[in-house]
Amino acid sequence: MPRPLYLVILAMAAAALLASCRGASTPEDARLRVVATIAPVGALAQAVAGDAVRLDVIAKAGVDPHEYQLKTADARAIANAQLILRNGLGADAFLDKALGNSKGTVVTITDGLTLRDGASGDGGSGHDPHVWHDPHNDIAMVEVIVKALATADPAHAATFEANGRAYQERLRQTDREVQALIEGIPPANRKMVTDHDAFGYFAARYGLTVVGTVIAGVTTGSEPSAASVAALVQTIRREGVRAVFAESSVDPKIARRVAEETNVRIVDDLYGDSLGAPGSGADTIEGMLLSNARKIADALK
Ligand SMILES: [Zn+2]
């Protein structure tokens with residue numbers, strides 16, 4: 001007795017479905033799954049990986065990573081990742097809660113950098129985590145990312161290496177451009193007051209001095225006391241600081257009050273912990289560095 005036609009069609013459809021699942025006809029399924037914890041790490045990973053990997057960034061552009069709470073989708077991405085790239089140093093402490101379900105390799109891309117001291121806050125390490133504000137640190141982290149990706153996905157090693165070299169050259173160029181912008185500021189004016197202590201590496205690299213911060217320390221979670229705000233106001237007057245710099249990802253209300261009280265400029269949209277939204281021009285490390293440098297140079301000239 002011949003089989004009914006609909007059964008034949010069902011069998012063919014099932015066979016076709018099976019073939020498409022098994023085959024390499026869906027390339028995104030075959031790519032290495034990589035998680036980057038925070039936007040700056042994601043931007044460096046993106047520059048090295050191009051579209052050769054599937055990259056998920058957890059605390060995306062515009063988000064304050066110090067206060068980030070993991071979402072269900074984040075936990076899933078972390079559990080499925082074959083490689084997890086993190087900043088460490090307390091900037092992505094949220095990852096620790098989700099690592100129990102992960103079998104992926106975790107690489108801390110700041111390992112080996114020369115670190116600045118930083119007050120230890122929530123999840124803090126005693127070191128300043130904002131390393132990406134010095135392009136030389138970025139160049140070193142690109143090296144770590146190239147090695148991590150090439151080890152996890154040797155078939156694309158040549159691509160990662162070529163992308164890494166090209167991006168390191170781009171970062172060296174950015175370093176020269178930022179230097180030229182900061183050199184346009186009269187030396188006596190190269191003093192900053194920032195919201196939280198996110199710009200220590202930038203200041204050290206380019207000869208600026210951070211004379212005070214609104215929030216004590218390298219995390220964003222604490223409110224300054226009235227006494228520490230009053231002391232900061234004194235410092236700004238005594239040092240002749242020309243501007244207070246707050247960040248796009250942190251509420252600038254106290255920084256704004258300090259600027260009003262001292263009658264200095266407020267710049268409230270530096271990128272400290274995060275990057276700009278896609279298409280903003282500050283959605284890459286070099287774009288972020290140049291955007292910050294232009295705003296700092298404008299305000300302190
Ligand atoms: Zn920060």
Side-chain angles (χ1 to χ4, degrees), residues 36-44 57-70 74 85-97 108-110 113-135 137-138 141 192-206 208-224 228 232 243-256 258 266-277 280 282-285 287-289 291-293 295-296:
T37 51
I38 59 176
V41 177
L44 293 173
V57 181
I58 304 296
K60 294 183 178 60
V63 170
D64 176 359
H66 296 296
E67 301 287 297
Y68 191 72
Q69 301 291 326
L70 281 179
D74 301 330
L85 300 171
R86 78 179 306 181
N87 187 86
L89 309 174
D92 47 20
F94 57 79
L95 176 68
D96 299 329
K97 296 185 193 106
T108 304
I109 67 168
T110 55
L113 296 182
T114 303
L115 300 171
R116 297 181 71 252
D117 287 344
S120 51
D122 289 352
S125 60
H127 293 293
D128 180 349
H130 308 89
V131 293
W132 56 88
H133 289 289
D134 180 339
N137 289 341
D138 295 311
M141 291 190 284
M192 300 173 76
V193 163
T194 63
D195 202 349
H196 82 301
D197 199 4
F199 297 95
Y201 292 95
F202 186 91
R205 171 82 195 131
Y206 299 110
L208 293 151
T209 307
V210 180
V211 301
T213 62
V214 176
I215 303 165
V218 293
T219 68
T220 58
S222 57
E223 284 259 313
S228 70
L232 185 61
V244 172
F245 296 92
E247 296 161 50
S248 60
S249 60
V250 182
D251 182 355
K253 70 174 190 295
I254 301 168
R256 188 166 287 143
V258 168
I266 173 94
V267 176
D268 65 4
D269 56 355
L270 287 194
Y271 299 104
D273 285 343
S274 196
L275 303 181
S280 64
D283 51 342
T284 59
I285 292 289
M288 173 276 296
L289 288 168
S291 167
N292 283 349
K295 287 169 191 166
I296 292 167

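Numbering of ligands and ligand atoms starts at 1, following listing order. Only a predicted model underlies this, so the values are computations on that prediction, with no experimental measurement involved. The chain is numbered in sequence order, starting from 1.
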Does D64 have any side chain to side chain donor-acceptor pair (under 3.5 Å) partners at least two apart in sequence or in another chain, and if so, which?
T220
Under 3.5 Å, is there a donor-acceptor pair between the side chain of T108 and the main chain of T110?
no
Heavy-atom side-chain contact between T194 and L270 under 4.5 Å:
no
Given side chains that start at C-beta, do those of P135 and L289 come closer than 4.5 Å, heavy atoms only?
yes
Distance-only, no hydrogens or angles: does the D92 side chain make a donor-acceptor pair with backbone N or O of R86 under 3.5 Å?
no
Is the closest side-chain heavy-atom distance between F199 and D128 below 4.5 Å?
no
Tally of protein N, O or S atoms, where distance to the Zn ion (ligand 1) is under 2.8 Å:
5
